[in-house]
Amino acid sequence: MEIYDNYSLKGLNTFGIDVKARRILFLRGSTLDEPFRFLYDVEELLKSDFREHPYMVIGEGSNLVFTKDYEGSLIKIGEAVFHGGDEGGYKYLTVGARMLTDEVVRLSVGYKYYGMENLSAIPGNIGAAVVQNVGAYGVELKDLVETVDAVDLLSGDQRSFSAAECAFGYRTSLFKQQAGRWLIWRVKLRFSKEFKPILTYKALADELQRRGIGDPSQQQVRDVVTELRWSKLPRPEEYGSAGSFFKNPVVDEATATALKKEYPDMPVYPGNKLSAGWLIDQCGWKGKTMGRAGVWPKQALVLYNTGGCSGEEVVVLARVVQEDVKRKFGVALDPEAIIV
Ligand SMILES: Cc1cc2nc3c(=O)[nH]c(=O)nc-3n(C[C@H](O)[C@H](O)[C@H](O)COP(=O)(O)OP(=O)(O)OC[C@H]3O[C@@H](n4cnc5c(N)ncnc54)[C@H](O)[C@@H]3O)c2cc1C
């Protein structure tokens, strides 16, 4: 285990917030190829005094907003490899938790393992993708999870979770509900052997149609999803962000009906899910800035760092946006990003 004190996090969060961690612990050893080395480091970690201060596992920092220096220990796991295989009616990839989610999609497309292509180009690693049950373009990670292996940071026990035990929900899971308890180190994903494009997300279906692609291949779905995403989102190397800052709010049937009557153009998705981006846009926030934080001009759901922004500035902007949406529509917006 490598330990550093007073460690700059500027390069470890995609918002590019310039804060420090009191301590960061890098666990060595690839979680699949060198499990003994990895587990040795986990043992060393568990014997240390890390629980005496706040602590948190950190992935690629693409869903985090640090509002101040982190007064505890961050835990970061080592590089990851993968194993693939065919079992019964499905294909499987077992990947170390540090592997980037987009790298897993790239591998699945290379091997013609089907079902994950709609999740192309989501930043972050696969361990964190499980925590957040990442979703995009009509697919959520829960649709692919077979098992998740994690270490209980409170007791030191190891446990393998089935998908049902992960208690996945909209951008949540057991691991998010029990934040701080579990260190995910290995994820097994199940893929289909037969390609059936998932085109339930209208913008994806429309874009394929616009390009005259009637019967897309898996690679074409990946390419179009990737292009669509980056046409709307800030690229982390240019502007810092955590992607969608808010969750799409889910309201009751009566509220959805009343709002639709008053705002006939308002998108309402199945399950009375509203578009947070549309609500924010209607309040006039798209493209506006406050301090050094801004609302992304091409997608109002994204708050971004216009340059040198602090986490506090992001939180202040988020609060004002939440208040405006509440005042105009009576709808509460909850952050999807994790404010630390
Ligand atoms: C431009 C952009 C676009 C995005 N688009 C999407 C999108 O379309 N859909 C979507 O769902 N999200 C999206 N996101 C959000 C983000 O990419 C995901 O939430 C991602 O899974 C976070 O991964 P990470 O490795 O950066 O995790 P981090 O931000 O480092 O951590 C997130 C959480 O996971 C926990 N965690 C991390 N690793 C582990 C582990 N091994 N074990 C236990 N807990 C762990 C952390 O403690 C923290 O609570 C986007 C972000 C950006 C910047």
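Just follow the structure's listing: the first ligand is 1, and inside any ligand the first atom is 1.
- Listed by number with element, the atoms of ligand 1 under 4.0 angstrom from any heavy atom of Arg171 are 11 (O).
- Of all atoms in ligand 1, numbered sequentially from 1 with element shown, those under 4.0 Å from a heavy atom of Gly243 are 2 (C), 3 (C), 4 (C), 50 (C), 51 (C), 52 (C), 53 (C).
- The pair Lys47-Glu44 does not count as a salt bridge, with every side-chain nitrogen at least 4.0 angstrom from each carboxylate oxygen.
- Counting only heavy atoms of the protein, atom 31 (O) of ligand 1 lies nearest to Leu64 CD2, 4.0 Å.
- Distance from atom 46 (C) of ligand 1 to its nearest protein heavy atom, with residue and atom name: Val57 O, 3.1 Å.
- Ion pairing between Glu207 and Arg211 holds under the 4.0 Å rule for side-chain N and carboxylate O.
- Residue Arg229 touches ligand 1 through its side chain alone, judged by heavy-atom distances below 4.0 Å.
- For the pair Arg190 and Glu146, the salt-bridge criterion is met [side-chain N within less than 4.0 Å of a carboxylate O].
- Here's the thing with Asn63: one of its N/O atoms is less than 3.5 angstrom from an N/O atom of ligand 1.
- Of the polar atoms of Asn133, none of the N or O atoms is found under 3.5 Å from an N or O of ligand 1, judged by distance alone.
- Distances shorter than 4.0 angstrom do not occur between any heavy atom of Phe175 and any atom of ligand 1.
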From CA spacing to verdict: side-chain hydrogen bond (donor to acceptor under 3.5 Å, both in side chains), Trp285, Asp324: CA-CA 9 Å; Trp285 273 106; Asp324 274 6; 3.0 Å; yes

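- The nearest protein atom to atom 28 (P) of ligand 1, hydrogens excluded, is given as Gly61 N, 3.6 Å; this is a heavy-atom distance.
- In this structure, the protein non-hydrogen atom closest to atom 22 (C) of ligand 1 is Ser62 OG, 3.2 Å.
- Under the 6.0 Å cut-off for aromatic ring centres, Tyr111 and Phe191 do not qualify, their centroids lying 6.0 Å or more apart.
- For ligand 1, the atoms sitting less than 4.0 Å from at least one non-hydrogen atom of Glu336 are 10 (C), 11 (O), 12 (N), numbered in the order shown with element in parentheses.
- With salt bridges taken as basic N to acidic carboxylate O contacts below 4.0 Å, none links Asp334 and Lys247.
- Asp102 has no carboxylate O lying under 4.0 Å from a charged side-chain N of Arg229, or vice versa, which leaves the two without a salt bridge.
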Does Arg23 form a salt bridge (Lys or Arg N to Asp or Glu O under 4.0 Å) with Asp5? I'd like the steps, not just the answer. CA-CA 4 Å; Arg23 176 162 288 184; Asp5 286 340; 2.7 Å; yes

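- Set against the non-hydrogen atoms of Thr14, the atoms of ligand 1 under 4.0 Å away are 53 (C).
- With respect to the salt-bridge test (charged N to carboxylate O, under 4.0 angstrom), the residues Arg222 and Glu117 do not qualify.
- Counting heavy atoms under 4.0 Å from ligand 1, residue Met56 touches it through the side chain alone.
- Near Ala242, meaning under 4.0 Å from any of its heavy atoms, are these atoms of ligand 1: 15 (C), 50 (C), 51 (C), 52 (C), 53 (C).
- Among all protein heavy atoms, the one lying closest to atom 27 (O) of ligand 1 is Ala128 CB, 3.1 Å.
- Of all the atoms in ligand 1, the ones that sit under 4.0 Å from a non-hydrogen atom of Ala136 are 8 (O).
- By the 4.0 Å heavy-atom criterion, Ala179 is excluded from the residues contacting ligand 1.
- Cluster annotation: Leu154 is connected to Leu46 through the hydrophobic network of ILVMFWY side chains, with a link wherever side-chain heavy atoms come within less than 4.5 Å.
- Listed by number with element, the atoms of ligand 1 under 4.0 angstrom from any heavy atom of Ile58 are 30 (O).
- Protein heavy atom nearest atom 48 (C) of ligand 1, with residue, atom name and distance: Ile338 CD1, 3.7 Å.
- Taking distance alone, with nitrogen or oxygen atoms compared against 3.5 Å, Gly135 approaches ligand 1 more closely than that limit.
- The cationic atom of Lys273 (NZ for Lys, CZ for Arg) lies less than 6.0 Å from the six-membered ring centre of Tyr170 and within 45° of the ring axis.
- In terms of protein heavy atoms, atom 41 (N) of ligand 1 is closest to Ile184 O, 3.0 Å.
- For atom 21 (O) of ligand 1, the closest non-hydrogen atom on the protein side is Val134 CG1, 3.2 Å.
- Near Trp182, the atoms of ligand 1 lying under 4.0 angstrom from a non-hydrogen atom of the residue are 42 (N), 43 (C).
- Checked for salt-bridge contact, Arg235 and Glu238 miss the test: no charged N lies under 4.0 Å from a carboxylate O.
- For Tyr239 and Tyr304, the distance between ring centers is under 6.0 angstrom.
- Of the options Pro123, Ala97, Ala129, the smallest heavy-atom separation from atom 20 (C) of ligand 1 is shown by Pro123.
- With a 4.0 Å cut-off on non-hydrogen atoms, Val131 touches ligand 1 through its side chain and not its backbone.
- Under the 4.0 Å criterion applied to side-chain N and carboxylate O atoms, Glu312 and Lys68 are not assigned as salt-bridge partners.
- In terms of heavy-atom proximity, Leu25 sits nearest to Ser73 at CD1-CB, 3.9 Å.
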